[in-house]
Amino acid sequence: GGRIVNSIKGVVIGLILLIGRIPVQDLLKSSGVTSNTEEFRYIILGIIIILACVLIAMRKKILIAGGFLKPNRKNYWMLFLPLFFPGLLFVVNLNFECYNGYLAIGIAVLAIVIRGLMEEVVFRGVIQGYLSKQYPGKPMHKVILITAILFALTHIINIQYTGIQNVLLQLIYAFYMGLFFGALMVRINNVWLLGIIHGIVNV
């Protein structure tokens, strides 16, 4: 029984690692979708990863620790904090000139929100939730710090799209936001709302 469960967990984790290799854009183009393929890719892969993370949270029994269940509603007002700072600083930079029509804008915004939700489910839901349950005696700020470092390091992959200077700035920004969202997660214990707020800030 235990071996089968561990095998299933290994398969799920392996699938998550392989998800990024799925040629979603090629599949969309072969189906006749020629525009917004990058946005559709984020939406499809994001939903798959979110579902996989829920399965992992169920298997690891971290649904509560990961904020998938039993939120702390009295602290929901804290969700407004990232919308004012630093989110408000980026509102003046909104630019949709490269899109044509409301549908294209809607798809682009949905893709960005899904991506933020996906990141929160992975890092604050599964990773931070697992660490907080696995090591209950460890100070929470250390758990948040570890999760924020891992979250920041994933942005190294962006070096294939931009220069090293921009990537370093992204690492610093992602680390700061990782600490911010990690602290909010402890207070509200709702990874779903936190993910939506993360996505709105990204927009």
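Position 1 is the first residue of the sequence, and the numbers go up from there. A quick note: this is a predicted structure, and the numbers were derived from the prediction, not measured.
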Does the side chain of V167 come within less than 4.5 Å of H155's, by heavy atoms?
-> no
Do V113 and N202 come close enough that some side-chain heavy atom pair is under 4.5 Å?
-> no
Side-chain heavy atoms of V122 within contact of E119, under 4.5 Å = no
Side chain proximity check, F151 to F181, heavy atoms < 4.5 angstrom | no
Any side-chain heavy atom of F175 within less than 4.5 Å of one from L153?
-> no
Between V54 and M58, is any pair of side-chain heavy atoms under 4.5 Å apart?
-> yes
On a heavy-atom basis, the closest approach of E39 and I107 is CB-CG2, 3.6 Å
Rounded to the nearest 0.5 Å, what separation is found between the CG atom of N189 and the CZ atom of F68?
-> 10.5 Å
Who are the side chain to side chain donor-acceptor pair (under 3.5 Å) partners of E120, not counting sequence neighbours?
-> R124, H198
Does one hydrophobic cluster hold both L69 and I188, with members joined at side-chain heavy-atom distances below 4.5 Å?
-> yes
Answer yes or no: is there a side-chain heavy-atom contact under 4.5 Å between P71 and Y76?
-> yes
Would you say the side-chain atoms of N190 pair up with the backbone N or O of M185, donor to acceptor, closer than 3.5 Å?
-> no
Residue set satisfying side chain to side chain donor-acceptor pair (under 3.5 Å) with Y135, at least two apart, ordered chain then number -> none
Please answer: with hydrophobic residues joined when any side-chain heavy atoms are less than 4.5 Å apart, are L169 and Y173 in the same cluster?
-> no
Any donor-acceptor pair under 3.5 Å linking the side chain of N75 with the backbone of R187?
-> yes
Kindly compute the distance separating CG (L131) from OG1 (T147), expressed to the nearest 0.5 Å.
-> 5.0 Å
Measure the CG-CD1 distance between L168 and I159 for me, rounded to the nearest 0.5 Å.
-> 8.0 Å
Partners of N72 by side chain to side chain donor-acceptor pair (under 3.5 Å), sequence neighbours excluded?
-> none
Between Y42 and I114, is any pair of side-chain heavy atoms under 4.5 Å apart?
-> no
Transitively linked via ILVMFWY side-chain contacts under 4.5 Å: I157 with L150?
-> no
Do you know which two heavy atoms are closest between I62 and V126, and how far apart they sit?
-> CD1-O, 3.6 Å
Pairwise distance CG(L184) to CG(L193) - rounded to 0.5 angstrom | 11.5 Å
Going from CG on L110 to CD1 on I105, what distance comes out if it is rounded to the nearest 0.5 angstrom?
-> 13.5 Å
NZ of K60 to CG of L55, rounded to nearest 0.5 Å, is 11.5 Å
Taking all non-hydrogen atoms of both residues into account, name the closest pair between V143 and S132 and its distance.
-> CG1-N, 4.1 Å
Just by modelled atom types, is the G66 backbone N or O under 3.5 Å from a matching donor or acceptor in the Q128 side chain?
-> no
